[in-house]
There are 2 protein chains.
Amino acid sequence: MTHQSIAFHHEHNHSHCIEQALSQARSLCKARKQRLTAIRELVLRLIWQSHKPLGAYELLPALAEAGFNSAPPTVYRALDFLQAQGLVHRIASLNAFIGCPSPDAPHDGCFLICEGCRTVVELNADAIINQVQQEAQTMGFAVRQQTIEISGLCPNCRDKNA
Amino acid sequence: MTHQSIAFHHEHNHSHCIEQALSQARSLCKARKQRLTAIRELVLRLIWQSHKPLGAYELLPALAEAGFNSAPPTVYRALDFLQAQGLVHRIASLNAFIGCPSPDAPHDGCFLICEGCRTVVELNADAIINQVQQEAQTMGFAVRQQTIEISGLCPNCRDKNA
DNA sequence: ATGACAAGGGTTATACTATAACATTAAAGT
DNA sequence: ACTTTAATGTTATAGTATAACCCTTGTCAT
Ligand SMILES: [Zn+2]
Ligand SMILES: [Zn+2]
Ligand SMILES: [Zn+2]
Ligand SMILES: [Zn+2]
């Protein structure tokens, strides 16, 4: 099992995913002198509850439960921060957010989105990104950002449907 | 100049783009026994006013001017039809719609989006799509749909900024 | 310490995007 | 003509995101 595909294995030790994400976030923010406040950490933890992307409004009830203000700006501010730090990605085709498993270096994600179980896996897709760069270059186009979101069926759901 | 990149050349004969798109749409719909009604054709024509994507709500005033009902469902229905026929694509990262220059065969577009002039070009990106297929396959993932949207600067805007 | 400043968060309102549901009209097939 | 289906009109509402303003808290220089 590759590191990337771990999310497609439903029985993996997910608390490890959560703890690793939070630990990485803390050390990254510390190194960058950015403040991982209580709200921000909570939002990050909520997003990492699973490998399924969450919409901003799905986060609000949990913020309310935790005693924070739960108006939209609160969660969008936290999400903006987390995105700026590369800790979460926004999935444009779903209007939803997913934790980044490798936030050390800033990058655009490349996502496999299962339409069966809604699990999302972020690929290390250098090959795709290089291919895109190449195509763009022949058009004289200077790439700044890439949105690459692939929908379909993960191995589990594909087998079920077969 | 390649066929693909024509939209990046601001001085091209755009009425030719429009007429070709409409003529293709008429013949495709006829062949498929689908009705390209007045509203649908108008929406398609509006979208082809330029090579810049339009939001659904940007179409409403023109529909009103033409004497049609201009409530959101009207334009979304037309857009749904045009998308189903492959005549327009939705750009998820912009919540906007763009005409498809090659609607004969159904496909997911692969778009270069200029952040300077907002012009969008659809690539014939078999190479990218094959690369994506390959990456997905190694994960056991069955691709159904691809969202590939590249933002950056077109040749013109890149030169201006330099 | 203390004050000045910047960053974060609370709060209200609103903009923007998209769809549900049901009534009415127009088209197509018999 | 009659039936049936597809398209459009209409009203209401759901879902996503941001503007603007104010107050609190943290940061930092003095
Ligand atoms: Zn996990
Ligand atoms: Zn990532
Ligand atoms: Zn196309
Ligand atoms: Zn441009």
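None of these values were measured; they are calculated from a predicted model. Quick note on labels: first sequence line is chain A, next is B, and so on, each numbered from 1.
- For the residue pair B:Q83/B:H89, the side-chain donor-acceptor check at 3.5 Å is not satisfied.
- As a member of the Ile/Leu/Val/Met/Phe/Trp/Tyr network built from side-chain separations under 4.5 Å, A:L94 groups with A:I91, A:I98, A:F111, A:I113, A:V120.
- Between the C1' atom of C:dA6 and the CZ atom of A:R35 lies a distance of 10 Å, rounded to the nearest Å.
- For residues 29-76 of chain B, the pairs satisfying ring-ring contact (aromatic ring centres under 6.0 Å, His included) are B:H12-B:H51, B:H14-B:H51, B:W48-B:H51, with sequence neighbours left out.
- Atom P of nucleotide D:dT8 and atom CG of B:L42 are separated by 11 Å, given to the nearest angstrom.
- A:N130 and B:Q131 form no side-chain donor-acceptor contact under 3.5 Å, judged by distance and modelled atom types alone.
- Rounded to whole Å, atom P of D:dA7 lies 15 Å from atom CD of B:E41.
- A side-chain N or O of A:E122 and one of A:H107 form a donor-acceptor pair less than 3.5 Å apart.
- Taking only side-chain atoms of B:I39, from C-beta outward, the nucleotide of D:dT27, C:dA18, D:dG9 with the closest atom is D:dG9.
- A close approach under 4.0 Å does occur between a side-chain nitrogen or oxygen of A:N95 and OP1 or OP2 of D:dA17.
- Using a 3.5 Å distance cut-off with no hydrogens or angles, the side chains of A:N13 and A:S15 do pair a donor with an acceptor.
- Residue ring and base: B:Y57 does not count as stacked with C:dC16 (centre distance below 5.5 Å and interplanar angle below 30° not both satisfied).
- Spacing between atom CG of A:L54 and atom P of D:dG15 amounts to 15 Å, rounded to whole angstrom units.
- Shown for residues 63-92 of chain A: residues whose heavy atoms fall under 4.0 angstrom of DNA chain C, namely A:N69, A:A71, A:P73, A:T74, A:R77.
- Atom-to-atom, CG of A:L60 to P of D:dT18 comes out at 14 Å; the value is rounded to the nearest Å.
- Atom CG in B:L36 sits roughly 15 Å away from atom C1' in D:dT8 (whole-Å rounding).
- Rounded to an integer number of Å, the gap from B:K33 NZ to C:dG29 C1' is 13 Å.
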